[in-house]
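Each ligand, and each atom within it, is numbered from 1 in the order the structure gives.
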Amino acid sequence: MKEQILEKFRSVFGCEGELYAASGRVNLIGEHTDYNGGYVFPGAIDKGIMAAIRVNGTDKVRAFSVDYNEMVEFGLNEEDKPRQSWACYIFGVCRETIKRGGKVEGFDTVFAGDVPLGAGLSSSAALESCFAYAINDIFGNKLDLFELAKIGQSTEHNYCGVKCGIMDQFASCFGKKGCLIRLNCKTLEYKYFPFNPEGYRLVLVDSCVKHELASSAYNKRRQSCENAAAAIRVNHPEVEFLSDAKRVWLDEVREQIPEEDFLRAEYVIGEVQRVLDVCDALERGDYETVGEMMYQTHFGMSKLYEVSCEELDFLNKLARKMDVTGSRVMGGGFGGCTINLVKDELYEPFIAAVKEQFTAKFNHAPKIYDVVISDGARKI
Ligand code: ADP
Ligand code: MG
C-alpha cells in the first residue's frame, strides 16, 4: 500500500508526500457500557488508512482516494463542504481543527485503506484519525492526541451525521502494538494492558447482516438503563450512571422497576465487572479466562440485553461447540461481526466450519478478518 500511495502521489502532484497512517479498531469487551459511564476495552488493528500529504501553498485541498479512484478539490470554509461522502471526513477534520484554533491551509493528499467499510472495524475513525494526526503535524499545531480523537468524533457528529461516542477515534489515535486500552467513558481516564496472545489468533467473523431494529432498540436500551439508574439513585445518590451501581443495589430495586429494565441493567453492571476481570486476567497472561468472559458477554447481550440475532447466536454456538477459547458479538448488536479468540491449531478447522455451516444455514457466506493489535495514528 505504501509504495502505491507514494507512487500515485508523485504521478498526480509531481513531488514527494509525507506518509501518515491510523488504524481501525476492535473492542475486546465492554459493549453498551459507554453511554452508561462504564469501561470499553478497544485496541487498534493492523488494518487502517495511509495517506501521503504535502502542503501546496494554496487555500484548497486536493484529495485523491485510491480506493474510490476519485479526485476531489475543496476550500476550507464552512460553505465548501464537498458532495462526496468520503471527502466530507477530510473536510470535517480540517474544519474541526480550525474550530480548535489550529492552522490549516491548502494541501495535496493521496490515500488508501484496507479496513473493510461498514463491518464494525471503524474505517471512518481510521480515516479521521489519519488526517487529524497528519494535519496537526504538517501545520505544527501541537494539539494533543485526545484533541485529535475529539476532532474525529466531532467530524462524525457535524459533517457525517453520525452521533458516535469517543471510543473508535480514541482507539485509532491512542492504539499501541500489543496493547489494549481500557477507557473509562465517564472520566476518560485510560490505561494500557498487554495483549500478546501467543498461540492464539484474533479473528472476526462478519455475518454480513444488519437487522433494521438497531436504532429504535438502541434508544429503548438506553431508556431502560436510565430508568434503572434513577431507581437505584433514590437509595444511593452517588449513582450518576448505571455503571456506578453495585449489583446488590440493583437487587434492592428489582420489585420497583419493570423486569425488562432489570435485565438490561443486570447485563450492564455485569459487563463493567467483566472488563475489569479481563484486565486482571491479561496481567496474568490468562487468555482462557479472557475467552470465558467473552462468552459471558455474548450470553448477556443475547439473553439479558437482547441485542443479538439468529446469525450471531449461531456463530457463537458454533465457536463454543468447537472449543474456541472466546467468542462474542462485537459492536451494538443485531448484526455485524463476532470477535473470536482462537487457538492456532483450531484456526483452520474453525474457519472451515464457519464458512460451510453458516453458508448452508443462511444462504450467504460470512467474511473473515484476521486482526493483530497494532499501532494507532503515526507518521511513517
Ligand atoms: P465503518 O463502520 O467502517 O466506520 P462508516 O459507514 O462509519 O463505516 O464509514 C465508512 C465510510 O468511510 C465510507 O463510506 C467512506 O466514505 C469512508 N472511508 C472509509 N475507508 C475509506 C477508504 N479506504 N477510502 C475512502 N473512504 C473511506
Ligand atoms: Mg464509522
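In terms of protein heavy atoms, atom 22 (C) of ligand 1 is closest to Asp67 OD2, 3.6 Å. When only non-hydrogen protein atoms are considered, atom 9 (O) of ligand 1 lies nearest to Ser124 CB, 3.4 Å. Nearest non-hydrogen protein atom to atom 20 (N) of ligand 1 is Leu117 CD2, 3.0 Å. Among all protein heavy atoms, the one lying closest to atom 12 (O) of ligand 1 is Tyr89 CE1, 3.6 Å. Summary of contacts: the protein heavy atom closest to atom 24 (N) of ligand 1 is Phe111 CE1, 3.5 Å. Protein heavy atom at the shortest distance from atom 25 (C) of ligand 1 is Tyr68 CE1, 3.2 Å. Taking atom 10 (C) of ligand 1 as the reference point, the nearest protein heavy-atom neighbour is Ser123 OG, 3.4 Å.
Not one N, O or S atom of Ser122 sits under 2.8 Å from the Mg ion (ligand 2).
Checking Val66, Asp168, Leu127 against atom 27 (C) of ligand 1, the nearest heavy atom belongs to Leu127.
In this structure, NE2 in His157 is found 12.0 Å from NZ in Lys150, a value given to the nearest 0.5 Å.
Less than 4.0 angstrom separates some heavy atom of Ile49 from each of these atoms of ligand 1: 20 (N), 21 (C), 22 (C), 23 (N). Residue-ligand proximity, Gly113 to ligand 1, at heavy-atom distances under 4.0 Å covers atoms 23 (N).
Taking only nitrogen or oxygen atoms, main chain and side chain alike, Gly118 reaches within less than 3.5 Å of ligand 1. Note: no N/O pair closer than 3.5 Å links Glu156 and ligand 1 by distance alone.
Side-chain atoms of Glu78 and Tyr159 include a donor-acceptor pair closer than 3.5 Å. No donor-acceptor contact under 3.5 angstrom links the side chains of Arg25 and Ser122, judged on distance only.
Residue contacts with ligand 1, taken as heavy atom pairs separated by less than 4.0 Å, do not involve Asp114 at all.
Applying the salt bridge (Lys or Arg N to Asp or Glu O under 4.0 Å) rule to Asp251 yields the partners Arg247; only residues at least two apart in sequence or on another chain are considered.
Using a cutoff of 4.0 Å between basic side-chain nitrogens and carboxylate oxygens, Glu226 and Arg221 are not scored as salt-bridged. Between Arg62 and Asp108 a salt bridge is recorded (basic side-chain N to carboxylate O distance below 4.0 Å).
Each of His32, Arg328, Arg274, Glu292 was compared with Thr297 under the side-chain hydrogen bond (donor to acceptor under 3.5 Å, both in side chains) criterion, and only Arg274 meets it. For the side-chain contact (heavy atoms from CB on, under 4.5 Å) with Ile368, the lone residue among Asp206, Val205, Asn340 that qualifies is Val205.
Side chain of Arg233 to backbone of Glu240: a donor-acceptor contact under 3.5 angstrom is found.
Tyr68 has its ring centre no less than 6.0 Å from the ring centre of Phe111.
Not close to ligand 1: Val115, with no non-hydrogen atom less than 4.0 angstrom away.
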